[in-house]
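Lettering of chains follows the sequences in order, A, B, ..., and the numbering in each one begins at 1.
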Amino acid sequence: MPKFAAKSGALESKIKLGRGFYERPTLDVSRELLGKFIVYNSPDGRMSARIVEVEAYIDDNDPACHAARGLTKRNQIMFGQGGFSYIYFIYGMHNCLNFVTETKNKAAAVLLRAAEPDEGLDIMVQNSPGKKLTDFLRGPGRFCRAFGLTTQQSGLDLTKNKLYLESRESDKKIKIARTTRIGINVGTDKLWRFYDKESLAVSGIRAR
DNA sequence: TGAATGATGCGCT
DNA sequence: GCGCATCATTCAT
């Protein structure tokens, strides 16, 4: 890489996150996911986005976790090793993307709730017509629709090149807010939702 | 074999 | 602010 005077943000090194990132305590992974970029090489082209909101689901006395009632065909991916995608279909029309964390036989995952569009804007427009820039990826269902992700993409290895996360040197320090999770009726005592306070693309807050 | 329900989003009031 | 669309998964007969 040539040497040049670094303007702010001009020097970027992109590093794909490896298995080790995911095979750690889920709450640590959740916090560190904020500000990371998700990259998806879709059939229509490359897309990426900056993660600004996540929720943790851990099979540890957590009734809201899909794995809480034992291993089933749907949730088995959560029981495997970290660094895989877990996508499920909900409410008859929405898909939600999770990143499996922790090691084999410990069921846990992080739900991606919102992100800021980066590359592949034209594809998002195509998938989600009529939405504003900050709304494309605001909400777990919207994110999957804009990215074209369905249960077909569940179980992908995040250390491969189809779908993965990357860290960028231009990541700034993020002001993290911590609250209860959204859209559940049990496990509401746990403060397992994390989001970037300064992002306009966070879901579940009053539009401004 | 059947019925309840959900880690949501949209449209209408 | 509220109700509903719509179906895979799950658990109960």
Side-chain angles (χ1 to χ4, degrees), chain A residues 22 25-27 29-31 33-34 38 49 51-80 82 84-102 106-117 124-156 158 163 165 176-196 199-208:
Chain A
Y22 303 98
T26 304
L27 295 181
V29 176
S30 301
R31 266 187 294 267
L33 276 174
L34 298 178
I38 178 169
I51 297 172
V52 298
E53 180 183 358
V54 297
E55 285 179 5
Y57 287 87
I58 311 167
D59 186 19
D60 185 17
N61 264 329
D62 175 20
C65 180
H66 279 184
R69 291 185 190 168
L71 188 147
T72 67
K73 187 171 183 181
R74 178 175 66 156
N75 67 25
Q76 59 179 335
I77 185 71
M78 290 178 81
F79 287 82
F84 284 81
S85 63
Y86 168 49
I87 302 178
Y88 62 88
F89 189 66
I90 190 83
Y91 295 125
M93 59 185 77
H94 299 298
N95 291 101
C96 297
L97 170 64
N98 298 250
F99 306 117
V100 177
T101 57
E102 315 256 0
K106 166 92 177 180
V110 179
L111 168 70
L112 174 58
R113 290 195 55 90
E116 296 170 352
M124 298 181 203
V125 172
Q126 210 175 327
N127 290 342
S128 310
K131 289 275 185 302
K132 289 183 298 183
L133 185 66
T134 52
D135 285 342
F136 284 134
L137 310 179
R138 200 172 117 201
R142 286 175 178 178
F143 177 89
C144 286
R145 191 176 67 178
F147 263 57
L149 292 171
T150 68
T151 52
Q152 302 233 317
Q153 280 74 43
S154 192
L156 290 180
L158 301 177
L163 180 68
L165 298 180
I176 298 177
R178 180 173 186 172
T179 70
T180 56
R181 291 169 294 179
I182 290 180
I184 54 176
N185 302 306
V186 291
T188 50
D189 55 319
K190 296 177 167 54
L191 297 174
W192 287 358
R193 172 171 175 255
F194 303 90
Y195 65 88
D196 179 349
S199 175
L200 294 174
V202 170
S203 74
I205 54 176
R206 287 280 145 259
R208 175 147 315 198

Enquirer: Stepwise, does the ring-ring contact (aromatic ring centres under 6.0 Å, His included) test hold for A/Y88 with A/Y86?
Expert: CA-CA 7 Å; A/Y88 62 88; A/Y86 168 49; 5.7 Å; yes
Enquirer: Would a distance-only check, ignoring hydrogens and angles, find a side-chain to backbone donor-acceptor pair under 3.5 Å from A/R178 to A/L191?
Expert: yes
Enquirer: Checking A/E53 against A/S203: is there a side-chain donor and acceptor pair closer than 3.5 Å?
Expert: yes
Enquirer: Heavy atoms under 4.0 Å is the rule here; annotate nucleotides 7-13 of chain B 5' to 3' with B where the base is hit, S where only the sugar-phosphate is, and - elsewhere.
Expert: BBSS---
Enquirer: Looking at every strand, decide which applies to A/T151 at a 4.0 Å heavy-atom threshold: base, sugar-phosphate, or nothing.
Expert: nothing
Enquirer: Does A/R181 use its side chain to pair, donor to acceptor, with the backbone of A/G187 at less than 3.5 Å?
Expert: yes
Enquirer: Specify whether A/F143 and A/F147 have parallel, tilted or perpendicular ring planes, treating 30° as the upper limit for parallel and 60° as the lower limit for perpendicular.
Expert: parallel
Enquirer: Measure across A/D135 and A/R142 and return the closest heavy-atom pair with its distance rounded to 0.1 Å.
Expert: O-CD, 3.5 Å
Enquirer: Give the dot-bracket line for DNA chain B from 5' end to 3' end: parentheses for intra-strand Watson-Crick or G-U pairs under 3.5 Å, square brackets for crossings, | for inter-strand pairing, dots for unpaired.
Expert: ||||||.|||||.
Enquirer: Check the surroundings of atom CG in A/N61: do more than 12 heavy atoms from other residues, nucleotides or ligands lie under 6.0 Å from it?
Expert: no
Enquirer: How about A/M124 and A/L137: do any of their side-chain heavy atoms sit closer than 4.5 Å?
Expert: yes
